[in-house]
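Below: the structure, in structure tokens.
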Amino acid sequence: MHQQKRQPELVEGNLPVFVFPTELIFYADDQSTHKQVLTLYNPYEFALKFKVLCTTPNKYVVADAAGAVKPQCCVDIVIRHRDVQSCHYGVKDKFRFQVSEQSQRKALGRKEVVAILLPSAKEQQKEEEEKRIKEHLTESLFFEQSFQPENRAVSSGPSFLTVFLGVVCIAALMLPTLGDAGSLVPLYLHLSVNQKLVAAYILGLITMAILRT
């Protein structure tokens, strides 16, 4: 009896991949940052295989660089910087996550995470404060222009509510998970794995909706 083949539903390279955080920052003067954790989420109804690649593998140690994630689950991947030298300050390295179905070899989706080594956390905090001030000024200018009594053409694109929900989901995924030790974030802001999976699922729907606009 001829077995009916399952028709492919996923296009190679188009599957959204959810990895958080989306950037790794190592500080030379803070040894606790030399080992960090990336979390790969699978909000889909099927299992995923993953592989972690790096542009400079000699600088990092990646625990469990390949493996599988069950449906609607997540997996933590520990990355350790083993070459902390001043000559690497400010150099951006990239980790690429490739995912595929367990029964297939082709990569259904890819996600890149930037890693950078900085000399001190204090300098970074100063730069972030300056960036927040610039963003605040930009937002103020935007609202002033938006409320001017002029008839403006409505630009196509995602709605404000869609963008807001996306930002909320990203913020939820970046919060610590229940049970994480040593976090400076208050305990009531620690989310469970199930809560993060819901946020990742909603973010996936929002991503697809934005791509279709």
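The structure presented is a predicted model; accordingly, all values stated were derived computationally and were not measured.
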Could you report the tightest heavy-atom contact between [X] and [Y], atom names first, then the distance?
X: P21; Y: L38; result: O-CD2, 3.2 Å
X: C74; Y: T39; result: CB-CG2, 4.0 Å
X: F26; Y: H34; result: CE2-O, 3.6 Å
X: V91; Y: K59; result: CG1-NZ, 4.3 Å
X: Y89; Y: A28; result: OH-CB, 3.3 Å
X: A47; Y: P71; result: N-CG, 3.6 Å

If hydrophobic clusters are built by linking Ile, Leu, Val, Met, Phe, Trp and Tyr wherever their side-chain heavy atoms come under 4.5 Å apart, do [X] and [Y] end up in the same one?
X: L205; Y: Y44; answer: no
X: L48; Y: L53; answer: no
X: F46; Y: L40; answer: yes
X: L108; Y: V69; answer: yes
X: V17; Y: M174; answer: yes

- prompt: Yes or no on side-chain contact (heavy atoms from CB on, under 4.5 Å) for V99 and L15, after CA distance, side-chain angles and deciding distance?
  reply: CA-CA 9 Å; V99 300; L15 186 72; 4.3 Å; yes

- prompt: In terms of heavy-atom contacts, does CD of Q31 have more than 12 from other residues, nucleotides or ligands at under 6.0 Å?
  reply: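 At most 12 heavy atoms, drawn from other residues, nucleotides or ligands, come within 6.0 Å of this atom.
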
In terms of ring plane angle, is the pair [X] and [Y] parallel, tilted or perpendicular, where the classes change at 30° and 60°?
X: Y60; Y: F95; answer: perpendicular
X: F20; Y: Y41; answer: perpendicular
X: H88; Y: H81; answer: tilted

Return yes if some donor-acceptor pair links the side-chain N/O of [X] with the main-chain N/O of [Y] below 3.5 Å, else return no.
X: N194; Y: V198; value: no
X: R82; Y: N58; value: yes
X: K49; Y: Q104; value: yes

task: Indicate yes or no: at least one non-hydrogen side-chain atom of N42 is less than 4.5 angstrom from one of K70.
output: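 Contact flag for N42/K70 side chains = no.
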
field: Close side-chain approach of E45 and Q72, heavy atoms under 4.5 Å
entry: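 A side-chain contact exists here, since the closest heavy-atom pair is under 4.5 Å.
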
- prompt: Which residue, I116, D30, L117, forms the side-chain contact (heavy atoms from CB on, under 4.5 Å) with I25?
  reply: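 Between I25 and the candidates, side-chain contact (heavy atoms from CB on, under 4.5 Å) is satisfied uniquely by I116.
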
message: Please identify which of these residues, V113, V114, T33, D93, meets the side-chain contact (heavy atoms from CB on, under 4.5 Å) condition with L24.
response: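 Of the listed options, the one satisfying the test is V113.
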
- prompt: Once you round to the nearest 0.5 Å, how far does CG of L203 lie from CE of M208?
  reply: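 It is 10.5 Å, given to the nearest 0.5 Å.
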
message: Please report the interatomic distance CD(E23) to NZ(K94), rounded to the nearest 0.5 Å.
response: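 Interatomic distance, E23 CD to K94 NZ, rounded to 0.5 Å: 12.0 Å.
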
